[in-house]
> 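Quick one: the structure is below, questions incoming.
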Amino acid sequence: MSQGSSQPSRPHRVAVIVDEGTNPFEVGCATELFGLPRPELGLPGPLYEVTLCAPNPGIRMNHGFFTLTDVPELDAVDDADTLVVPGRPDNVVPRVPAVLDAIRRTHARGARVVSLCTGSFALAEAGLLDGRRAATHWLWAQSFRRLHPRVLLEPDVLFVDDGDVLTAAGSAAALDLGLHLWRRDHGAEIANAVSRRLVFAAHRDGGQRQFVERPVPDVPDESLAPLLAWVQERLSEPLTVTDLAARAAVSPATLHRRFRAQLGTTPLAWLTAERVTLARRLIERGEERLDAVAARSGLGTAANLRARLRRETGLSPSAYRRRFGTGAGEAVRA
């Protein structure tokens, strides 16, 4: 398959801190995302390598389900390009100083720091999140605010990308954030290939408000899935919210309510995000004509494409092509 990024000179090193009582699911997500071979990408070598590390060589996982033994020490973080901190259920219990020190010194030297689920409590305790945006699991949002009032908690999102510090809201949101890192590091085409291998959506719209526990009303099936599938096959067409509402046989106001309830976003925001995603994939696959990309993605004009792509990625189309286009990978393989 054609690639969206060049093969690096060495794999990106990921260290995962396994603390006492860590949730095994999130450790599994990190190793599945970044530690396993990816033959589906057709690259000569791995793009990431993973190392687990811990304050003790024997670490009991959550509820004592099992114990990891012979785990490397925490100084493994000193070689990491990205540090991943999974969550644990006892969030009000302070982390051991050695773990907090490892997090602080990793961030201080410029490495990327990522928390999964309630791992954000550890990042906040280490002082990395003061005055910054962050996410955590909705069930512990009130506790998080009480313990860390200086953090700008965003309770409704699946994850927050704040540059060098990224936080995922819940256990399954670890996959959302992990695929976002693949997309950020290597482009949407490669991220989509990884998501297909995981049998997991490359991008889930909306936020975690759709998962907050609430009474389930006794109403007929109002799933948006058929409408979303219909729209995704017609992104090149000049669709409007009124068109979507007509297809769903509801009023625009009702459609807006359903999008908010089921996806945590608006119909227009979802439609625009789908168009930008398609535009990114077209550019990555080698389409150089901006007017053609704009037409096929439904963004209309090259000027609108430039504005939307810069807002989404911080890059111009030409810069995005240089970073993620097929030519970058071909130049390295040649």
Side-chain angles (χ1 to χ4, degrees), residues 14-27 29-30 53-56 59-63 74 77-78 80 82-178 180-181 184 204 206-214 264:
V14 179
V16 182
I17 288 184
V18 186
D19 198 2
E20 197 75 21
T22 290
N23 293 326
F25 179 82
E26 290 134 39
V27 177
C29 285
C53 58
N56 302 298
I59 290 292
R60 280 166 43 90
M61 304 300 285
N62 184 13
H63 289 299
L74 288 173
V77 306
D78 296 330
T82 293
L83 174 63
V84 177
V85 183
R88 67 182 199 192
D90 52 345
N91 299 303
V92 298
V93 178
R95 270 63 178 175
V96 297
V99 168
L100 298 178
D101 178 66
I103 295 171
R104 292 187 189 106
R105 71 174 186 266
T106 302
H107 180 254
R109 63 176 174 80
R112 184 166 62 188
V113 179
V114 176
S115 70
L116 306 179
C117 194
T118 56
S120 53
F121 280 79
L123 268 56
E125 191 176 349
L128 270 61
L129 298 181
D130 286 353
R132 303 184 69 154
R133 299 163 50 242
T136 198
H137 194 290
W138 62 266
L139 191 60
W140 285 278
Q142 289 186 339
S143 175
F144 187 94
R145 286 196 180 98
R146 184 174 63 254
L147 291 170
H148 307 291
R150 288 179 289 184
V151 180
L152 306 178
L153 184 66
E154 296 196 6
D156 294 331
V157 300
L158 293 174
F159 61 84
V160 168
D161 180 343
D162 201 33
D164 59 339
V165 178
L166 300 92
T167 49
S171 293
L175 294 173
D176 294 287
L177 180 51
H180 171 74
L181 290 173
R184 180 172 132 172
R204 287 195 293 168
Q208 64 171 327
R209 73 178 65 179
Q210 53 193 310
F211 306 110
V212 175
E213 186 175 351
R214 60 171 68 88

> What's the shortest heavy-atom distance between V18 and A54, and which atoms?
O-CB, 3.2 Å

> Could you tell me if the side chain of L83 sits less than 4.5 Å from the side chain of I17, heavy atoms only?
yes

> Nearest 0.5 Å, please: how far is CG in D161 from CG in L177?
7.5 Å

> Kindly indicate whether the side chain of I59, heavy atoms from C-beta on, has any atom under 4.5 Å from the side chain of E20.
yes

> Show your working on side chain to side chain donor-acceptor pair (under 3.5 Å) between T136 and S120 and close with a plain yes or no.
CA-CA 6 Å; T136 198; S120 53; 2.8 Å; yes

> How far does CG of L100 sit from CG of L123, to the nearest 0.5 angstrom?
9.5 Å

> Less than 4.5 Å apart, side chain to side chain, heavy atoms only: is that true for M61 and V27?
yes

> Nearest 0.5 angstrom please: H137 NE2 to F121 CZ, how far?
11.0 Å

> How close do R133 and D162 get, heavy atom to heavy atom, and via which atoms?
NH1-OD1, 3.8 Å

> Determine, for R112 against D164, whether the closest basic-nitrogen to carboxylate-oxygen distance falls under 4.0 angstrom.
no

> Ring-plane angle category for F144 and H148, please: parallel below 30°, perpendicular beyond 60°, tilted otherwise.
tilted

> Is there side-chain contact between H180 and L166, with at least one heavy-atom pair below 4.5 Å?
yes

> Does the E154 side chain pair with the main chain of A134, one donor and one acceptor, at a distance under 3.5 Å?
no

> With a 4.5 Å heavy-atom cut-off, do R105 and D78 have their side chains touching?
yes

> With sequence neighbours excluded, tell me which residues meet salt bridge (charged side-chain N to carboxylate O under 4.0 Å, His left out) with R109.
none

> First locate atom OG1 of T167, then atom CG of L129, and finally report the distance between them rounded to the nearest 0.5 Å.
6.5 Å

> Quick check: does any side chain N or O of T22 sit under 3.5 Å from a backbone N or O of D19, one acting as donor and the other as acceptor?
yes

> Enter the distance from C53:SG to L74:CG here, rounded to the nearest 0.5 Å.
5.0 Å

> Do any N or O atoms from the side chain of N23 and from the backbone of F25 form a donor-acceptor pair under 3.5 angstrom?
no

> Enter the distance from N91:CG to L147:CG here, rounded to the nearest 0.5 Å.
8.5 Å

> May I ask you to decide if R88's main-chain N or O and T118's side chain share a donor-acceptor pair within less than 3.5 Å?
yes

> Would a distance-only check, ignoring hydrogens and angles, find a side-chain to backbone donor-acceptor pair under 3.5 Å from T106 to A102?
yes

> Is a donor on one side and an acceptor on the other found under 3.5 Å between the side chain of E26 and the backbone of A174?
no

> What heavy-atom pair brings V84 and A30 nearest, and what distance separates the two atoms?
CG1-CB, 4.3 Å

> Indicate the atoms forming the closest heavy-atom contact of A111 with A80, along with that distance.
CB-O, 3.6 Å

